[in-house]
Amino acid sequence: MLEKLSKKLKLLLSKIKIRTLFVILLIIFGTILISVLTISRYKTIYNTIYQERIDKLQYVADFTVEILKDQEVAVKKHRLTLSEAQNEVFEIIKDVRFENNDYIWINAYDGKMLYHPIKSLVGTDTSKFTDKKGYNFGKDLVELPKKQKFGYVSYYWPKPGKNVDELYPKVSYVLGFEPWGWIIGTGVYIDDIKITVIKTLFKVSFPVVIVLLLIIWIFRYFILATVVTPIEELADKSFRLANNDLSVTVPESHNDTEFGNLYNAFNKFVEFFKVKQSNEINLSLIHFNLAVGIMTENK
């Protein structure tokens with residue numbers, strides 16, 4: 001199998017001009033190099049942006065809890081009823097938007113959704129929500145704040161303004177507010193992070209890729225001038241020499257390099273053929289003169 005593949009590869013390479021082959025190899029090398037650099041850069045930028053968004057989620061959730069504490073104080077001092085304080089919280093957070101589609105949602109400890117930008121989800125039992133594979137991620141959202149007060153949960157969730165049945169990967173920071181039995185959550189959609197990363201990667205990496213392509217292009221011309229062109233020149237003049245054109249020569253080289261030695265060897269080969277042709281001519285003249293002499297003698 002390998003032998004057949006090797007033969008087919010050799011046959012294919014034998015049909016491709018060296019200039020074309022070099023350009024193909026250079027394109028493949030450049031594509032691999034740019035891909036490796038892009039992937040490496042993508043991971044770095046993704047981790048940075050992901051961590052920034054996660055930190056911001058925690059900040060927004062903690063800030064929301066501070067609002068709840070203020071409202072709790074107002075209730076204790078009888079400035080507001082519990083119902084009024086809770087409705088005022090809903091009015092405050094409904095206008096909060098940050099980082100693309102990130103938002104705040106509020107659940108009750110029993111799983112009932114108290115506030116969500118997607119109005120149809122308000123009043124539903126979050127603890128029974130499952131993803132497409134049947135995993136009950138809703139239970140994690142409800143149980144985590146009860147067990148450890150706060151933490152991160154990965155799950156699938158619909159986006160505001162999109163089809164409610166269409167779910168997207170998301171990470172939420174959730175924490176509990178025990179006085180009211182509320183769970184505060186803020187989330188980030190992974191798809192949004194990827195889009196942000198791609199935009200950032202384009203801005204950061206585009207100049208680098210341009211410079212890299214320019215270097216590869218310069219390298220291409222350098223190799224073509226120093227390797228490919230001399231080989232093509234030697235091939236052309238070898239064919240001319242094979243057709244008995246003894247006027248062909250290549251520049252004599254004083255450098256002890258592969259092409260320098262090859263050029264000098266080619267010129268010596270041409271000189272050898274010139275001497276050989278001259279000797280053949282002289283030998284032919286001698287034979288001719290001998291033949292003429294013998295014919296004259298016989299007369």
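Within the 4.5 Å cutoff, side-chain heavy atoms of R53 are placed close to those of T196. In this structure, the side chains of Y50 and V197 stay at 4.5 Å or more apart for every pair of heavy atoms. Inter-residue side-chain proximity for K194 and Y42 is flagged as met; some heavy-atom pair is nearer than 4.5 Å.
Taking the ring centroids of W157 and Y155, they lie under the 6.0 Å cut-off.
Pairing each heavy atom of V174 with each of G185, the nearest pair is CG1-CA, 4.1 Å. The two atoms that bring S172 and G187 nearest to each other are OG-CA, 3.3 Å, heavy atoms only. Pairing each heavy atom of L114 with each of W182, the nearest pair is CD1-NE1, 3.0 Å. Minimum interatomic distance between L80 and E88 (heavy atoms only, all atoms of both residues): CD1-OE1, 3.7 Å.
Between the S154 side chain and the V171 main chain, no donor and acceptor come within less than 3.5 Å of each other. Listed for the T186 side chain is a donor-acceptor partner under 3.5 Å among the backbone atoms of L57.
Put simply, the residue from N47, I49, D55 that forms a side chain to side chain contact (heavy atoms under 4.5 Å, CB included) with Q51 is D55.
For CZ of F150, the number of neighbouring non-hydrogen atoms (other residues, nucleotides, ligands) closer than 6.0 Å is 12 at most.
When hydrophobic clusters are built by joining Ile, Leu, Val, Met, Phe, Trp and Tyr residues whose side-chain heavy atoms come closer than 4.5 Å, directly or via intermediates, Y152 is grouped together with I104.
Through side-chain heavy atoms spaced under 4.5 Å, either directly or across other Ile, Leu, Val, Met, Phe, Trp or Tyr residues, L167 is tied to Y156.
Scanning for side-chain contact (heavy atoms from CB on, under 4.5 Å) contacts around K139 gives N136, E143, with sequence neighbours left out.
In this structure, the separation between CH2 on W105 and OG1 on T126 is 7.0 Å, given to the nearest 0.5 Å.
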Anything under 3.5 Å between a donor and an acceptor, one on a side chain of residues 59-74, the other on a protein residue two or more places apart or in another chain? List them.
unit_1 : atom_1 : unit_2 : atom_2 : d
T64    : OG1    : V60    : O      : 2.8
Q71    : NE2    : A85    : O      : 3.4
E72    : OE1    : W180   : NE1    : 2.3

